[in-house]
Amino acid sequence: MKKYFLTVLIFYSGVFKLYSYDFYSKGQEIIASMISDPARFFYEMKADAENTLPVAVGKKYVLNTAIFPSLFPLTYANVSLNYNIYRENRILKKSPQIDLTGGFEYMIGAGLFANQTDKVDDAEFYGYHFGIILSQSVSPKVRSFYGYKHSFSKAKLTVNKNKNLELLGIHVDSFNTEFSEDFILMGMEFLRGYNKYWSLQINYGVSNKTVIAKINFRGKWFITGFNIYPEGAITIHPFWAMHLDF
Amino acid sequence: MRILLFILIFILSNVDMYSFEKASFVNYMNISLTQGFYMPSNSDDFGGSNISSSFGFLYDIDAKNSVVGVYNLNYNGPSLYEGREREFNERSISSGFSVEWRRKINNYFRLRPSVSYRKNYFKSSGTSDFDDNIYNNTDKGFDIAMDYYLNANIDRILSFVFFYRKIEFPNYTDLLLEFRNPGVQSETYGGLYDNGLYGFSLKYKYFNYFFASDIVFQNYNNQRVLKNDGTYSNTFQKDREFKLKVGIEEKWREYYYLYPSLEFIIHNSNQNFLRFKSITDISPVFVDDAYSYNQININLPVNFEFKKYSVDPFIKYSYKKYKSRWPRDSDNNYMYNKKQYNNIFTLGCSFSRKLNNFASVVFGYYFTYSGSNNKFEYYIPYNYTSNNFYITFKVEY
């Protein structure tokens, strides 16, 4: 499976585009996008840490920490907990599994950055999410899941008024914004082998028209894959997370 | 907390917990994720995503009654559609639901009333916003469909549908008034394009052949017809459309399918158009009956299936000719001795591989030729060729 998804990545950014790719301009475009809507931009950075997969059959809790790109290089310390509250078919036949999910993300590097430079007086980036995920078996190896997630993100940067903060030549002003979104989730998960799954899911934010597609590969300890933000400053986020099921 | 959830499940299971087990309840999910890359001759290469997803259920209450509910979400990113006139950079989101009740009256008749609600958002480029586009609309309405089975083998079906939609455009503004009075606040004129749409649809399926016809009446609530002096008349805008489609769904061998179709569209509108060449243009050109056209669509898809693989070549052709609108040259001057036509030809092929019973991956290529005698392409590109590639992931059950 992975080879197909890698093909997508190559397809999107490699074969057809690299020959004329201007990385500096793309960087400036990303900075411009960040300045125009900082809360949404940093939400997309932290959304990679939001685990919205159903709890594996036979497990009660899933503790998840996104390592790349959330913790490294963005320094988003993050934890996400998925808790199974009801097993599929436990009381009623054809009733779905019900999981609760929630998590918190805090960018520890922002405060350090503010302390290290005299151009920034204060910087604070954090967010949280919570939701409910229902899942049902379609076949012994396939589950569908759907649910709701609320996400919040705060982005605050106070620039020293006496200094000029520039990133890739673009002037950055102070901002203090929030991003709040209510998502509808739907997706399917496939068992590939012992403790190995892959899944495709769509998250649609009804408040701000945020669209996210997630392609995940879940192993015993790690989850990897791509998060696709079609309207985002960076369209495809490769990611890598660690999880503990018990 | 658990007790509350258990109570909720009991309620959802129709109070009687055993009815939930006895009745047939089937979920449905379909997600398609496409990443395309487009190389048009008239602009830079670009890439974009398309997402199509639906989630629903079929609940058989008893042998004669069932309910189907579907939630749809579609996102169309920057792309070059197979034969659709639009800006390359336009993005759209469409989300909504429909609920249909299927009632089997007897062995020959089935009634299918349904309600639907949908929100459509547009964005003209990557930097604009989905919230303030003038074409954003809410579409709500109902259908009443009746199927008549002419024999017991379900190979001859006559379907009749009456449909009604109320379409509201909260941001749509009077562009002419704003153009002439730059200080006017657009919010004052929101809802100008609100309309009620109703129509009848008839479809006859005879073994593998089908014949379908639609008649659509679209009446605008506030939009009045423009006069040649630039003022509005007392007549409201009314659009009428007649569609006729014939086709075959032919299975020649175990692995070979053919789905040719031919469609005719006659679109009539009483609305006119006033062309200002610039903001200082003091003698605008009046185009009477500017939006009426005739169109023909030819579609020839073929499907070859070999176990886990399938190959789907296709040809599409669309020709649209306006009844009264003149084409413009590249300087925005009308050519009065001609009538505008647009045609789009698409030739492509996709190759798909099943990953398992529920998922597949598709690699595709199509070539697009778009031609028109209208050379003024400030808003919509008309004359170009393009090579397009895409890869799609689908999951469905």
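Chain identifiers are assigned alphabetically (A, B, ...) following the order of the sequence lines, protein sequences preceding nucleic acid strands; residue numbering begins at 1 within each chain.
Looking at B:Lys119, neither its backbone nor its side chain comes within 4.5 Å of chain A, counting heavy atoms on both sides. With a threshold of 4.5 angstrom between heavy atoms, B:Asp131 approaches chain A through side-chain atoms but not through N, CA, C or O. In this structure, no portion of B:Ser52 lies under 4.5 Å from any heavy atom of chain A.
Within the 4.5 Å cutoff, no side-chain heavy atoms of A:Tyr204 are placed close to those of B:Ile51. At least one side-chain heavy atom of A:Phe190 sits less than 4.5 Å from a side-chain heavy atom of B:Val395. Between B:Ser95 and A:Val206, the closest side-chain pair of non-hydrogen atoms is not below 4.5 Å.
Most heavy-atom pairs under 4.5 Å with chain A, from the set B:Val26, B:Asn356, B:Asp129: that is B:Asn356.
Residues satisfying the side chain to side chain contact (heavy atoms under 4.5 Å, CB included) criterion with A:Glu44, sequence neighbours excluded, are A:Arg40, A:Tyr229, A:His237. Scored by the side chain to side chain contact (heavy atoms under 4.5 Å, CB included) test, A:Tyr194 finds no partners at all (sequence neighbours excluded). Judged as a side chain to side chain contact (heavy atoms under 4.5 Å, CB included), and not counting sequence neighbours, the contacts of B:Asp62 are B:Lys64, B:Asn65.
B:Leu73 CG to A:Ile202 CD1: the interatomic distance, rounded to the nearest 0.5 Å, is 7.0 Å. To the nearest 0.5 angstrom, B:Ser53 atom OG is 11.5 Å from A:Gln201 atom CD. For the atom pair A:Ile215 CD1 and B:Phe393 CZ, the distance stands at 5.5 Å (nearest 0.5 Å).
Annotation: residues 47-56 of chain A contacts chain B through no residue [non-hydrogen atoms, separation under 4.5 Å].
The nearest pair of heavy atoms linking B:Phe358 to A:Val138 is CE2-CG1, 3.7 Å. Across every non-hydrogen atom of A:Met188 and B:Glu396, the tightest pair is SD-N, 4.1 Å. Residue B:Met29 comes nearest to A:Phe145 through the heavy atom pair CE-O, 3.5 Å, listed as atom of the first residue, atom of the second, then distance.
Under the 6.0 Å distance and 45° angle rule, A:Lys209 does not count as a cation-pi partner of B:Phe130.
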